[in-house]
Peer 1: 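Please see the structure below; I have some questions.
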Amino acid sequence: MTAQLLNGRQRAKQLQSELSESFAEAAAASGVQPTLAALQVGEDSGAAGYLRAIRRACQGVGVTLRPIKLPEQSSQGEVQAALTELNSADDVHGIMVLEPLPDQVDGTRLVEFVSSAKDVDGVHPLNAGRLAAQREPHFVPATPAGAIRLLEEAGVDFKGKRAVVIGRSDIVGKPMALLLLHRHCTVTIAHSRTEDLPGVARQADILCVAVGRPEMVTGEWIKPGAVVVDFGTTYIGGSLKGDCEQASVEAVAGMLTPVPGGTGPMTNVMLMDNLLSAYRRKVPADGF
Ligand code: NAP
């Protein structure tokens with residue numbers, strides 16, 4: 001078997017043009033320019049690279065990016081104060097905090113200071129809780145949202161299927177597991193302490209891998225015909241590698257999101273989709 005590759009790059013392009021039209025229509029009707037604020041603390045090159053990617057995503061859909069840069073030595077209180085200001089700014093519709101942050105700033109505590117109504121990353125506990133409880137409104141983190149969209153549009157049948165998600169981060173693994181559960185999969189979440197990981201993975205009709213260990217999953221881990229979602233992104237010698245060894249996995253799986261070109265390109269357009277929801281809701285800054 002050779003897996004069908006799910007082309008996230010192509011789908012992201014189409015979505016980008018749909019979003020671009022939606023933003024233009026909404027902005028023309030309201031007279032308010034959609035704006036995303038991105039807060040960076042210090043000079044980290046990873047955060048700066050991410051900011052460039054976000055800028056391209058914003059430009060692609062006609063959104064204004066407002067970058068806010070605080071000095072490397074900023075205290076937790078100073079970063080929180082900057083967020084509080086953005087929360088109450090009527091002309092800011094979404095807020096994201098770029099990571100990594102300097103050591104003195106606790107990112108986990110920081111997410112609680114972003115208004116849940118502007119939390120387009122979907123990391124505020126209120127959004128995470130509402131996703132878990134299937135209560136609207138909430139924002140779904142962009143990476144798993146993009147993956148589910150690719151699977152749904154490829155006609156994947158979720159009901160009653162065994163899904164295994166390897167990785168339990170708040171931005172990828174856990175929300176992906178919830179999205180699968182809500183579609184009636186029987187879900188197992190695996191992680192670094194899971195015993196017999198290849199054996200657990202082999203039970204999966206739908207296997208999602210969000211670990212960050214390049215080519216960890218090989219064809220022997222895959223149930224023949226399974227749907228495989230590879231979230232991994234690691235640069236090795238200038239080329240991007242996923243968590244799956246593509247050649248051997250592709251030979252056994254029924255569908256695969258490749259790296260590059262699978263879930264990655266979908267992420268930033270889904271972020272813009274979240275921003276469109278935030279913009280349309282135009283809720284007050286103190287929450288839903
Ligand atoms: P993370 O926060 O570091 O979480 C990694 C998870 O993998 C943890 O739950 C960890 O388990 C688990 N893990 C680590 N080593 C393992 C092992 N040997 N066996 C089984 N599980 C293991 O990472 P993340 O933010 O979720 O990102 C995961 C990957 O997705 C990275 O490559 C990242 O670059 C990529 N990513 C891609 C996108 C995209 O747009 N496609 C977006 C975000 C992230 P414990 O919890 O037990 O430590």
Side-chain angles (χ1 to χ4, degrees), residues 5-9 11-13 15-16 44-47 49-54 56-57 60 96-101 106-108 111 120-123 128 131 139-151 163-180 187-204 207-218 220-222 228-236 239-246 249 256-274:
L5 298 181
L6 302 184
N7 192 333
R9 192 170 287 138
R11 186 61 188 117
K13 262 198 194 129
L15 275 173
Q16 188 190 48
D44 183 86
S45 60
Y50 190 33
L51 183 64
R52 284 194 294 276
I54 300 297
R56 280 195 298 277
M96 54 194 307
V97 178
L98 301 173
E99 295 201 351
L101 293 158
D106 179 347
T108 310
V111 296
V120 288
D121 270 335
V123 288
L131 169 62
F139 295 108
V140 180
T143 302
I148 278 288
R149 187 104 173 216
L150 280 179
L151 298 190
V164 173
V165 180
I166 311 179
R168 54 177 165 178
S169 70
D170 291 339
I171 56 157
V172 191
K174 256 186 245 167
M176 188 66 194
L178 286 167
L179 292 171
L180 291 163
V187 182
T188 300
I189 304 178
H191 44 76
S192 65
R193 272 73 150 190
T194 298
E195 290 180 7
D196 184 22
L197 191 57
V200 173
R202 256 192 305 275
Q203 294 174 8
L207 177 66
C208 304
V209 195
V211 174
R213 289 173 70 102
E215 303 189 330
M216 176 180 88
V217 175
T218 61
E220 298 90 73
W221 294 39
I222 308 297
V228 181
V229 176
D230 187 351
F231 287 112
T233 50
T234 308
Y235 278 94
I236 300 181
S239 77
L240 191 62
K241 295 284 174 202
D243 286 342
C244 295
E245 187 190 69
Q246 188 160 328
V249 169
L256 171 66
T257 65
V259 177
T263 59
M266 290 294 285
T267 293
N268 287 341
V269 286
M270 295 311 288
L271 180 71
M272 293 300 122
D273 195 46
N274 279 346

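Just so you know, these numbers come straight off a predicted model, no measurement behind them. Along the sequence shown, residues carry numbers from 1. Both counts, for ligands and for their atoms, begin at 1 and track the order of listing.
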Peer 1: Are any of the N/O atoms in Phe231 less than 3.5 Å from those in ligand 1?
Peer 2: yes
Peer 1: List ligand 1 atoms under 4.0 Å from Thr143, heavy atoms only on the residue side.
Peer 2: 38 (C), 39 (C), 40 (O), 41 (N), 42 (C), 43 (C)
Peer 1: Give a yes or no answer on whether the side chain of Thr234 reaches the backbone of Asp243 with a donor-acceptor pair at less than 3.5 Å.
Peer 2: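 No.
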Peer 1: If you look at every heavy atom in Cys244 and Val209, which pair is closest and at what distance?
Peer 2: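 So the minimum-distance heavy-atom pair works out to SG-CG2, 4.1 Å.
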Peer 1: Report the part of Thr194 (side chain from C-beta onward, or backbone N, CA, C, O) that has a heavy atom under 4.0 Å from ligand 1; answer both or neither where that applies.
Peer 2: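 No part of Thr194 is near ligand 1 at this cut-off.
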Peer 1: Whether the side chain of Asn274 engages the backbone of Val140 through a donor-acceptor N/O pair (distance < 3.5 Å, no angle test) should be reported.
Peer 2: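 Such a contact is found between Asn274 side chain and Val140 backbone.
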Peer 1: Kindly confirm or rule out an N or O of Asp243 lying under 3.5 angstrom from an N or O of ligand 1.
Peer 2: no
Peer 1: Applying a heavy-atom cut-off of 4.0 Å, say which part of Arg213 lies close to ligand 1: side chain, backbone, both or neither.
Peer 2: side chain
Peer 1: To the nearest 0.5 angstrom, please state how far the CG atom of Asp44 sits from the CG atom of Leu98.
Peer 2: 9.5 Å
Peer 1: So, 4.0 Å and heavy atoms of Gly173: is ligand 1 close enough to count as a contact?
Peer 2: no
Peer 1: Do any nitrogen or oxygen atoms of Thr234 come within less than 3.5 Å of a nitrogen or oxygen of ligand 1?
Peer 2: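 Among all N and O atoms of Thr234, none is under 3.5 Å from an N or O of ligand 1.
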Peer 1: Of all the atoms in ligand 1, which lie at a distance below 4.0 Å from a heavy atom belonging to Thr267?
Peer 2: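 That gives atoms 39 (C), 40 (O) of ligand 1.
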Peer 1: Which ligand 1 atoms are under 4.0 Å away from a heavy-atom of Leu197?
Peer 2: 19 (N), 20 (C)
Peer 1: Under the 3.5 angstrom rule, does the side chain of Ser169 hit a backbone N or O of Val172 as a donor-acceptor pair?
Peer 2: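 Here the side-chain-to-backbone pair exists.
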Peer 1: Return the residue, atom name and 0.1 Å-rounded distance of the protein heavy atom closest to atom 33 (C) of ligand 1.
Peer 2: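 In this structure, atom 33 (C) of ligand 1 has Thr233 OG1, 3.6 Å as its nearest protein heavy atom.
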